[in-house]
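All remarks here apply to the structure that follows.
Note that the structure is predicted; figures quoted are calculated from it, not measured. Just so it is clear: chains get the letters A, B, ... in the order the sequence lines come, proteins before strands, and each one is counted from 1.
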There are 2 protein chains.
Amino acid sequence: MAEKRYKKSEITREKILEVAEEHFAEKGFFGARVDEIADSADVNKRMLYSHFGSKEGLYTAVLVKTYKRLAEFEKHFIIEGIDPIASIRNIVLTSFRFLSQNPNFVRMLLWENLNMAKSVPRDELSRLKAPSLEYMREQIRRGKEQGIFRADADEFHTVFSLMNLCFSYFSNIHTMSAMLSRDMTADEEVISRAEYISDVIIKYLEP
Amino acid sequence: MAEKRYKKSEITREKILEVAEEHFAEKGFFGARVDEIADSADVNKRMLYSHFGSKEGLYTAVLVKTYKRLAEFEKHFIIEGIDPIASIRNIVLTSFRFLSQNPNFVRMLLWENLNMAKSVPRDELSRLKAPSLEYMREQIRRGKEQGIFRADADEFHTVFSLMNLCFSYFSNIHTMSAMLSRDMTADEEVISRAEYISDVIIKYLEP
DNA sequence: GGAGAAAATAACCAATTAGTTACTTTTGGA
DNA sequence: TCCAAAAGTAACTAATTGGTTATTTTCTCC
């Protein structure tokens, strides 16, 4: 049972990671404080450093963990034996489900986007390239072959728009709610938004 | 000429503001350093404080200035005497022009969105509510009245989508370029994107 | 041209920050 | 039972940070 030895260390590590995710998602890399993370996790700062080496090391670990959740979720995008239109609706709904369940993912991605090309090199993360993107494109292609979608519909831009529409709903929800004077966090609002996005995309694709 | 007195002070103020915008847009409120801003502006830190009171005061001043640029630009959204379809194309193109010319605006808005409800209270800014939003909605309504657009097209969601599609192109351009392995900063790419967005929106609105 | 106020400077301060060191406690296997 | 290694603690450090003070320079108006 060599693996089980000092299991408590692993628990501490997980606890730090969990708390750190909240802090980094909330305040970003520069806004988050190492001492605060250690305190919130009820762990000595020393342990944080022995596990992750530095603030940056901890941040990267959080980022990897966050991205992994998306990778694991991607299987839900794929449903066999449904028509391309249903497939697109499923992609939108699945994206909405993931994004609403993972607000930290949304925020971490936004921070990353803003801090890009700075301080922290994240080579391994730059090859994110979710496989589901290629899947979406396939669905459009399949629809074209079946004559359900226009042959001249732009596949690249459509996939890009679909992603943007889903993501930006969650990333701008607060600013937009204020700007448009309409609370968009309500459940029925979220669902109606997902439907609308599917409608727009499908209408564009249709002949 | 009492106003002209000590004009140099005003020049210093502008210089600080200009440099601070670059720093805050680049690194955000927490990432930017007061000393660096003062150094870059070739100005003594003391002057920065006598003009703006605090780091927060300076940040708010930059934010106000940035937002004002949008307010001034909004007139370009409005063109009299064109049909609703041309109007929507103009709105998209104008948004693209503004956003590509004001990368700092894009970044400041992203930082604001992430820091929202934190530390810095910005009451006066929360009532941003660009009047052009109402104008967009009017154009859709006008199209409906003329029978060019579907009567049951969702006005709110469409305005929201149009904004999101335009904004997210510029806010995610780097992440997305990497993810989709396609450099989207190139000029012809930007133009084709604007056209695509108009197409999607118009196709949704058409009967 | 000199008086007085505003603008500008440099050196300083107190608080906070990421990161470390020297030390004690716990653990699992022999 | 004992011991070596790992886990954990608390106090410390050096650097950085936003912000200030005491002082000198510059400018406008009489």
Can you check whether any acceptor in the base of C:dG19 is under 3.5 Å from a donor in the side chain of A:Lys55, or vice versa?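 Under the 3.5 Å cut-off, the side chain and the base do not form any donor-acceptor pair.
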
Would you say the base of D:dA7 and the side-chain of A:Asn44 have a donor-acceptor pair closer than 3.5 Å? no

Using a heavy-atom cut-off of under 4.0 Å over every strand shown, decide if A:Ser54 touches base, sugar-phosphate, or nothing.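 Sugar-phosphate, backbone atoms only, no base.
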
Contact class for A:Ala32 (heavy atom, under 4.0 Å): base, sugar-phosphate, or nothing?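 A:Ala32: backbone/sugar contact only, no base atoms under 4.0 Å.
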
Basic-acidic side-chain contact under 4.0 Å: [X], [Y]:
X        : Y        : result
B:Lys27  : B:Glu36  : yes
A:Arg141 : A:Glu134 : yes
A:Glu26  : A:Arg107 : no

Using atom CD1 of A:Ile37 as one end and atom P of C:dT16 as the other, report the distance to the nearest whole Å.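 Computing the A:Ile37:CD1 to C:dT16:P distance gives 18 Å.
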
A:Asp35 CG to D:dA10 P: how many Å, rounded? 14 Å

Between C:dA18 and A:Arg33, is there an OP1 or OP2 to side-chain N/O distance shorter than 4.0 Å? yes

Give a yes/no answer on whether the side chain of A:Thr12 brings an N or O atom under 4.0 Å of OP1 or OP2 in D:dG8.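 Looking at the OP1 and OP2 atoms of D:dG8, one of them is under 4.0 Å from a side-chain N or O of A:Thr12.
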
Check the angle between the aromatic planes of B:Phe98 and B:Phe73 and answer parallel, tilted or perpendicular using the 30° and 60° thresholds. tilted

